[in-house]
Amino acid sequence: MWKARLSELEFDDRELGAVLDTLNSEWITAGPRTEAFEKAFAELTGAAEAVAVSNGTAALFLALRALGIGSGDEVLCPSLTFVATAAAVLHCGATPVLVDIVSLSNPTIDPDDAASKITSRTKALLPVHYAGIPADMDRLCELAEAHGLFLVEDAAHAPGARFAGKACGSFGAAGCFSFFGNKNITTAEGGMITTSDPELAGRLRLLRSHGMTVTSWDRNKGRPAHYDVLEFGFNFRLDDIRAALGLVQLEKLPQLNRGRAKLAQRYNTGFTEMGCDLILPLASAGTLKEPACHIYPVVCGSSEERDRLAMVLKEEGIQTSIHYPPIHEFTAFRRLDSGVDLPVTEAFASRELTLPLYPSLTEAQVDDIVSSTLRKTLPQT
Ligand SMILES: Cc1ncc(COP(=O)(O)O)c(C=O)c1O
């Protein structure tokens, strides 16, 4: 149906071989491949440890929970994100305090708006590296330090992204990643928490697996079967089948991200050379930020123009999406708090359209999408 879908899987024989090898091995649940995936992922971010979990939502929830965030606490996060960011806070029993974005060209959490919303109950700052564009980490780290807040990064879009040369996911107490099917690397479902705090890593590993002191893999390696439960936890483990996929995908990540960056640059050049009025966040990231180019967002002149463009592209077989309907406009959130005012987020969300971006998209396809977009957005002479 689609000539160009929003995202595609970037699998070849290596992923298939890795999964088959695992199925043919004696171990399919969390075991040696999961441990190897964790080690390789920690190396990617420079964090001392990485803890694999069943998805990105579990990563966010478990990180906040292991940091002791709970009832009565407030966590600052953007409204322009996937609903999981705020839901993870709510499931800890805490309150997400929604913060505006900086601007239409920098759709990441606004440090000034965040600062103005800090109260005696604020415990953590939860920025999202939207589209793989690092949030303003210098300002956010200062803010977290000055107010004694935990910094937890929602890095679901940002494996391999860097701010001032430092990897996203390595700035604060914890970094949370998703390996859902549309992400820069995928394990179908899967997630990872990075941290350089060994105590936190220990707590995460415990809570990930029912608070048990011994895992099945430990027992298979010969550890005694006796175990204790130190606190009531969850089953948020990642299995070795998914970890095998993750190991191959992680090896490909630098090449996949280079492919994304090259195509994003082609979109940027195509649009700017034609002098169109679209706002291009990935063209405005600046030199400090090395984005992971997870998606390619454009901001149209109005919501009507955005909707018309989406319709025209659909007719031409080009799939688009909207990232994101803001959290404060969802019914479930309005029930909690109907008085949130986030003007920049609202303007962005009403005018944003996401165009296809994945490493195997061809330059010719990008050129076609640019031409189709320009036909709709440039004034006709
Ligand atoms: C910004 C953001 N945060 C969190 C998540 C949740 O990740 P998962 O779908 O793996 O639970 C996603 C994934 O869709 C996301 O895009």
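The first residue of the sequence shown is numbered 1, and numbering continues consecutively from there. Order of appearance sets the numbers: ligands from 1, and atoms from 1 within every ligand.
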### Message
Checking a contact table here: which protein heavy atom is nearest atom 14 (O) of ligand 1, and how many Å away?
### Response
Lys183 NZ, 2.9 Å

### Query
Any non-hydrogen atom of Phe61 lying under 4.0 Å from ligand 1?
no

### Summary
Under 4.0 Å from one or more heavy atoms of Tyr324, ligand 1 contributes atoms 16 (O)

### Summary
Per-atom filter on ligand 1: closer than 4.0 angstrom to a heavy atom of Ala84 are 4 (C), 6 (C)

## Note on the structure
protein heavy-atom neighbour closest to atom 12 (C) of ligand 1 works out as Phe82 CD2, 3.7 Å

### Task
State plainly whether the residues Glu231 and Arg203 are in salt-bridge range, i.e. N to O under 4.0 Å.
yes

### Test item: side-chain donor near acceptor, Glu38 and Thr34, under 3.5 Å
no

### Donor on one side chain, acceptor on other, Ser372 and Glu316, under 3.5 Å
yes

### Message
If I take atom CG from residue Asp368 and atom CD1 from residue Ile318, how far apart are they, to the nearest 0.5 angstrom?
### Response
7.0 Å

### Query
So, are Glu35 and Lys39 salt-bridged, with charged N and O less than 4.0 Å apart?
no

### Message
Surrounding CZ of Phe150 (heavy atoms of other residues, nucleotides or ligands, distance under 6.0 Å), is the total greater than 12?
### Response
no

### Summary
Of Pro78, Ala156, Gly56, the one whose closest heavy atom lies nearest atom 8 (P) of ligand 1 is Gly56

### Message
Measuring from non-hydrogen atoms of Glu189 to any atom of ligand 1, is the shortest distance under 4.0 Å?
### Response
no

### Summary
Counting heavy atoms under 4.0 Å, the part of His157 that contacts ligand 1 is side chain

### Query
Ion pair present between Arg33 and Asp239, side-chain N to carboxylate O less than 4.0 angstrom?
no

### Message
Show the atoms of ligand 1 that are less than 4.0 angstrom away from any heavy atom in Thr81.
### Response
1 (C)

### Query
Can you tell me which residue and heavy atom of the protein come closest to atom 3 (N) of ligand 1, and the distance to 0.1 Å?
Asp154 OD2, 2.7 Å

### Query
Can you list the ligand 1 atoms lying under 4.0 Å from a non-hydrogen atom of Thr57?
6 (C), 7 (O), 8 (P), 11 (O)

### Query
How long is the gap from CG on Leu76 to OG1 on Thr119, to the nearest 0.5 Å?
8.0 Å

### Task
Check ligand 1 against Asn55 and write out every atom of the ligand that is under 4.0 Å from a heavy-atom position of the residue.
10 (O), 11 (O)

